[in-house]
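These figures come from a predicted structure and were not determined experimentally. Below, each value reflects all heavy atoms present in this structure, side chains not excepted, and no hydrogens, waters or symmetry copies.
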Amino acid sequence: PVLADVNQDGTNDLLIMSFDGHVILLDGETFNIIWKKFFSCHETYTSPAPGYFDKDSFIDFMIIQNLGTFDFYKNSSVLVLSGKDGSILWQINSPRMQMISPLTI
């Protein structure tokens, strides 16, 4: 998981990615779900990378998802999810499986 104060309440929130395609942002104070996404038929080996990727004040997240199941993946996707609501801000696909976590500055 990644800790970051996404909802700007002074407490770090938790972004959790499960191997089976779930991405969940939890409020760090109440542990209530702020938003969640599910990428059907996707698996991941990576951790999300926080950063500011759009023009709002919410921390966003770059993630990598592999389409398929081990040991056959059709492609991988690098996506940026909005910290505000989990919507996809940007996406690019690659024909290769990705096992390296994205890095952001």
Side-chain angles (χ1 to χ4, degrees):
V2 171
L3 297 174
D5 186 8
V6 179
N7 65 3
Q8 305 167 359
D9 66 356
T11 303
N12 281 335
D13 305 306
L14 293 93
L15 185 80
I16 301 167
M17 283 183 51
S18 66
F19 179 75
D20 64 353
H22 288 89
V23 182
I24 303 168
L25 181 64
L26 298 176
D27 183 291
E29 191 167 322
T30 65
F31 297 105
N32 290 330
I33 295 172
I34 296 173
W35 55 256
K36 61 183 175 179
K37 297 282 290 182
F38 176 62
F39 296 91
S40 179
C41 301
H42 284 77
E43 296 178 346
T44 188
Y45 296 87
T46 66
S47 297
Y52 293 96
F53 296 98
D54 60 6
K55 295 182 182 192
D56 65 22
S57 60
F58 293 90
I59 297 172
D60 308 305
F61 298 94
M62 183 177 286
I63 66 168
I64 297 175
Q65 297 281 355
N66 295 302
L67 176 61
T69 57
F70 184 81
D71 66 334
F72 179 74
Y73 295 108
K74 296 178 183 178
N75 70 15
S76 67
S77 297
V78 178
L79 303 105
V80 174
L81 302 181
S82 168
K84 183 177 181 178
D85 59 12
S87 61
I88 297 172
L89 299 174
W90 181 84
Q91 177 176 350
I92 189 168
N93 295 325
S94 167
R96 304 186 195 284
M97 175 186 151
Q98 300 292 324
M99 294 182 67
I100 298 172
S101 295
L103 300 174
T104 57
I105 296 179

Original post:
Quick one: CG on Leu3 to CG on Leu14, what's the gap to the nearest 0.5 Å?
Top reply: 5.0 Å
Subject >> Donor on one side chain, acceptor on other, Gln98 and Tyr73, under 3.5 Å >> reply: no
Original post:
How long is the span from the CD1 atom in Ile59 to the OG atom in Ser82, to the nearest 0.5 Å?
Top reply: 11.5 Å
Subject >> Interatomic spacing from CG in Leu79 to CD1 in Ile63 - rounded to 0.5 Å >> reply: 5.0 Å
Original post:
Are the side chain of Ser76 and the backbone N or O of Met97 linked by a donor-acceptor pair below 3.5 Å?
Top reply: no
Original post:
How far does CD1 of Ile100 sit from OG1 of Thr46, to the nearest 0.5 angstrom?
Top reply: 10.0 Å
Original post:
If you count the non-hydrogen atoms of other residues, nucleotides and ligands that lie under 6.0 Å from NZ in Lys37, is the total more than 12?
Top reply: yes
Original post:
Is it true that a side-chain atom of Ser94 and a backbone atom of Arg96 form a donor plus acceptor pair closer than 3.5 Å?
Top reply: yes
Original post:
Can you find a heavy atom in the side chain of Leu26 that is under 4.5 Å from one in the side chain of Asn32?
Top reply: no
Original post:
If you measure from OG1 on Thr11 to CG on Asp9, what distance do you get to the nearest 0.5 Å?
Top reply: 4.5 Å
Subject >> ring pair (Phe, Tyr, Trp, His ring centres under 6.0 Å) contacts in which one or both residues fall within residues 14-47, not counting sequence neighbours >> reply: Phe19-Tyr45, His22-Phe38
Original post:
How long is the span from the OG atom in Ser47 to the CG atom in Leu15, to the nearest 0.5 Å?
Top reply: 10.0 Å
Original post:
Ile88, Phe61: one ILVMFWY side-chain cluster at the under-4.5 Å cut-off?
Top reply: yes
Original post:
Any side-chain hydrogen bond (donor to acceptor under 3.5 Å, both in side chains) pairs touching residues 54-66, not counting sequence neighbours?
Top reply: Gln8-Ser57
Original post:
Between Asp13 and Asp5, is there a donor-acceptor pair closer than 3.5 Å when you use the side chain of the first and the backbone of the second?
Top reply: no
Original post:
Going hydrophobic residue to hydrophobic residue with side-chain gaps under 4.5 angstrom, can you get from Leu81 over to Ile24?
Top reply: no
Original post:
Any chain of hydrophobic side-chain contacts (each under 4.5 Å) joining Phe70 to Leu67?
Top reply: no
Original post:
Linking Ile, Leu, Val, Met, Phe, Trp and Tyr through side-chain heavy atoms less than 4.5 Å apart, which residues share a cluster with Trp90?
Top reply: Phe53, Met62, Ile64, Val78, Val80, Leu89, Ile92
